[in-house]
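Contents: one structure, followed by commentary.
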Amino acid sequence: MSTAPKTKNSEAFQDAQLCPRFQRAVELVGKRWTGAIVRVLLSGPLRFNELLTAIPGISDRLLTERLRELETEALIVRHVESGSPVRVAYELTCAGAELQEPMDSLGRWAEKWIGLPC
């Protein structure tokens with residue numbers, strides 16, 4: 001029985017195939033609207049209504065849901081400013097901010113390869 005020689009590409013494929021962390025990360029960031037939320041927050045903390053304005057098409061309900069998920073995953077932190085009215089701002093954690101490079105790379109790739117509908 002012969003086996004094909006291992007190449008750098010086959011080893012990378014095997015590693016990616018077997019890595020549950022990679023799969024989880026792709027599913028998390030690839031979830032509808034999540035990438036847009038992270039991308040917008042890369043510029044700095046924003047309040048809920050600022051996020052709604054910055055992300056056209058997202059609903060209040062879905063934004064709330066995604067923000068809770070990102071907070072649970074420790075990618076964002078929610079700051080509550082006391083006063084009247086109470087103000088809430090959302091900011092990326094260090095882990096969330098480290099998505100800057102992958103998001104920039106994905107943006108460059110999209111500019112090159114993703115066409116817009118006519």
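We use all heavy atoms of the structure for the numbers below, so side chains are in, but hydrogens, waters and symmetry mates are not.
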When rounded to the nearest 0.5 angstrom, what distance separates CZ in R24 from SG in C19? 11.5 Å

Do V40 and V88 share a hydrophobic cluster (ILVMFWY, side-chain heavy atoms under 4.5 Å, transitive)? yes

Kindly indicate whether the side chain of I76, heavy atoms from C-beta on, has any atom under 4.5 Å from the side chain of E91. no

With distance as the sole test, does T93 use its side chain to make a donor-acceptor pair with the main-chain N or O of V77 at under 3.5 Å? no

Is there a path of hydrophobic side-chain contacts, each under 4.5 Å between heavy atoms, that joins V38 and W109? no

Could you tell me if the side chain of L42 sits less than 4.5 Å from the side chain of R39, heavy atoms only? yes

Hydrophobic clustering (ILVMFWY, side-chain heavy atoms < 4.5 Å, transitive) - are V26 and W113 grouped together? no

Heavy-atom side-chain contact between R78 and R68 under 4.5 Å: no

Taking the side chain as everything from C-beta on, heavy atoms only, tell me whether L52 gets closer than 4.5 Å to N49. yes

Short side-chain to backbone donor-acceptor contact, T34 and V29, under 3.5 Å: no

For R66 and R32, indicate whether the former's side chain and the latter's backbone hold a donor-acceptor pair under 3.5 Å. yes

Look up atom NE2 in H79 and atom CD in E81, then write down how far apart they are to the nearest 0.5 Å. 8.5 Å

Exam field: side chain E50 to backbone R47, donor-acceptor pair closer than 3.5 Å: yes

State whether the number of non-hydrogen atoms from other residues, nucleotides or ligands found under 6.0 Å of E98 atom CD is greater than 12. no

One pair to check against side chain to side chain contact (heavy atoms under 4.5 Å, CB included): Y90 and L46. What are the steps and the verdict? CA-CA 5 Å; Y90 298 90; L46 293 170; over 6 Å; no

Would you say I55 and I58 make side-chain contact, with heavy atoms under 4.5 Å? yes

Do you reckon L99 sits in the same ILVMFWY cluster as F22, going by side-chain contacts under 4.5 Å, direct or chained? no

Nearest heavy-atom neighbours spanning A74 and A95: O-CB, 4.0 Å

Report the C-alpha separation of S105 and R108 in whole Å, then their side-chain angles, then the decisive distance to 0.1 Å, and conclude whether the side-chain hydrogen bond (donor to acceptor under 3.5 Å, both in side chains) test is met. CA-CA 5 Å; S105 293; R108 285 190 301 276; 3.1 Å; yes

Step-by-step salt bridge (Lys or Arg N to Asp or Glu O under 4.0 Å) determination, K31 to E27: CA-CA 6 Å; K31 197 176 242 186; E27 289 174 4; over 6 Å; no

Could you tell me whether the side chain of W33 reaches within less than 4.5 Å of the side chain of L63, counting heavy atoms only? no

For a 4.5 angstrom cut-off between non-hydrogen side-chain atoms, does L67 reach E71? no

Calculate, to the nearest 0.5 Å, the distance between atoms CG and CG belonging to L75 and L28 respectively. 5.5 Å

